[in-house]
Visitor: 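Let me give you the structure first, and then I'll get to my questions.
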Amino acid sequence: MGDNMEKLVLIGFMGSGKTTISRILANRFGFRCIDMDTALEEEAGMTITEIFAAEGEAGFRKRETALLRKYAEEGVSPAGGNGFILSTGGGVVVTPENRPLLKKIGRVYWLRIKPDTVLERLSKDRRRPLLQGGDRREKVEKLMKERTPMYREAADCTIDVDGFSAVHVANLIAKGEGLGRPQ
Ligand code: S3P
C-alpha cells in the first residue's frame, strides 16, 4: 500500500468475507473501518432483521442508498488514520444508483464467491433475512444470478475467494492484486 490515503470499498455476496477482511486490513494499516450494516443498525436503532420486518426490503434499500449518498457527497473521514475501508451489505449493488456511488467513494473490490461456498459458510445463519425460510440453495443461486452482472458493473477489481482464508484475501488486496477491471 502506498503513502497516500487509501479509499477501499468491499462488495460481494453474503458470506464473501467483506466484514472480516476489512477488519484485518484496517488493523494492519491503521485504516478506519466502516461496516455499512452496522452503521445502518446504529442509525435506525434496529437490527437488520428488525428493519426488514418493519419496513421491508424496500425500506432497507432506501436507508442503504441514503447512507451511501452521504459517504459519496461528504466523503468519509479517515478519523486520523491512513485511509478507510468500507464494507458494504451484499445487496448494495441491486439499487442502480448505488453502483456509481460506490466507485465515487473509493476503489471497489468485488469478493467473488461461488454459491456452494456461500452455502457452506452460511449453513447456520439466522441473521440474514433474505436467506431465511424455504430452500436456501435456490435462494442463493437465484440472487447470485441476478446480482453477478451488477457486481461486475460496480467493481474496479475482482478477487475469487473460494478456498481462501480471509487473511489470504486481505494479503492479495494489500499487495494490490485482484484481476483488474472485470470484463
Ligand atoms: C443483504 C446482505 C446483508 C445485509 C442484508 C441484505 C443482501 O449484508 O445487508 O441482510 O441483500 O445480500 P452481508 O452481505 O454483510 O451479509
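As the structure lists them, so they are numbered: ligands from 1, and atoms in each ligand from 1.
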Visitor: For atom 1 (C) of ligand 1, grab the closest protein heavy atom and report residue, atom and distance to one decimal in Å.
Guide: G91 N, 3.9 Å
Visitor: Give the atom numbers and elements of ligand 1 that come within less than 4.0 Å of a heavy atom of R128.
Guide: 16 (O)
Visitor: Considering only the protein, which heavy-atom contact is closest to atom 3 (C) of ligand 1, and what is its distance?
Guide: D37 OD2, 3.5 Å
Visitor: Heavy atoms only: give me the nearest A154-I11 pair and the separation to one decimal.
Guide: CB-CD1, 3.9 Å
Visitor: Purely on distance, is any nitrogen or oxygen of G90 under 3.5 Å from one on ligand 1?
Guide: yes
Visitor: With a 4.0 Å cut-off, would you call E97 and R69 a salt bridge?
Guide: yes
Visitor: Give the numbers and elements of all ligand 1 atoms closer than 4.0 Å to a heavy atom of R61.
Guide: 7 (C), 11 (O)
Visitor: Shortest non-hydrogen contact from R147 to V94?
Guide: NE-CG2, 3.5 Å
Visitor: Run the numbers for me: atoms of ligand 1, each under 4.0 Å from some heavy atom of L130, listed by number.
Guide: 7 (C), 11 (O)
Visitor: May I ask you to check whether over 12 heavy atoms, not counting those of R137, lie within 6.0 Å of atom CZ?
Guide: yes
Visitor: With heavy-atom distances below 4.0 Å as the criterion, list the atoms of ligand 1 near I48.
Guide: 5 (C), 10 (O)
Visitor: I would like to know whether R112 and S16 meet side chain to side chain contact (heavy atoms under 4.5 Å, CB included); could you show each step before the answer?
Guide: CA-CA 7 Å; R112 184 164 59 186; S16 58; over 6 Å; no
Visitor: Cation-pi between R107 and Y109: NZ/CZ under 6.0 Å from ring centre and within 45° of the ring axis?
Guide: yes
Visitor: So, taking the atom named CZ in F31 and the one named CG in L86, what distance separates them when rounded to the nearest 0.5 Å?
Guide: 13.0 Å
Visitor: Are R147 and ligand 1 in contact, using a heavy-atom cut-off of under 4.0 Å?
Guide: yes
Visitor: May I ask you to decide if the ring planes of W110 and Y151 are parallel, tilted or perpendicular, using 30° and 60° as cut-offs?
Guide: parallel
Visitor: Heavy-atom contacts with F60 under 4.0 Å: which atoms of ligand 1 show up? List them by number with element.
Guide: 9 (O)
Visitor: Check this for me, if you would: do K145 and E141 make a salt bridge, where the nitrogen-to-carboxylate-oxygen distance has to be below 4.0 angstrom?
Guide: no
Visitor: Taking non-hydrogen atoms only, is M36 closer than 4.0 angstrom to ligand 1 via side chain, backbone, both or neither?
Guide: neither
Visitor: Against heavy atoms of P129, which atoms of ligand 1 measure under 4.0 Å?
Guide: 10 (O)
Visitor: Is the closest N or O pair between K18 and ligand 1 shorter than 3.5 Å?
Guide: yes
Visitor: What part of Q132 sits under 4.0 Å from ligand 1 if we count only heavy atoms: the side chain, the backbone, both or neither?
Guide: neither
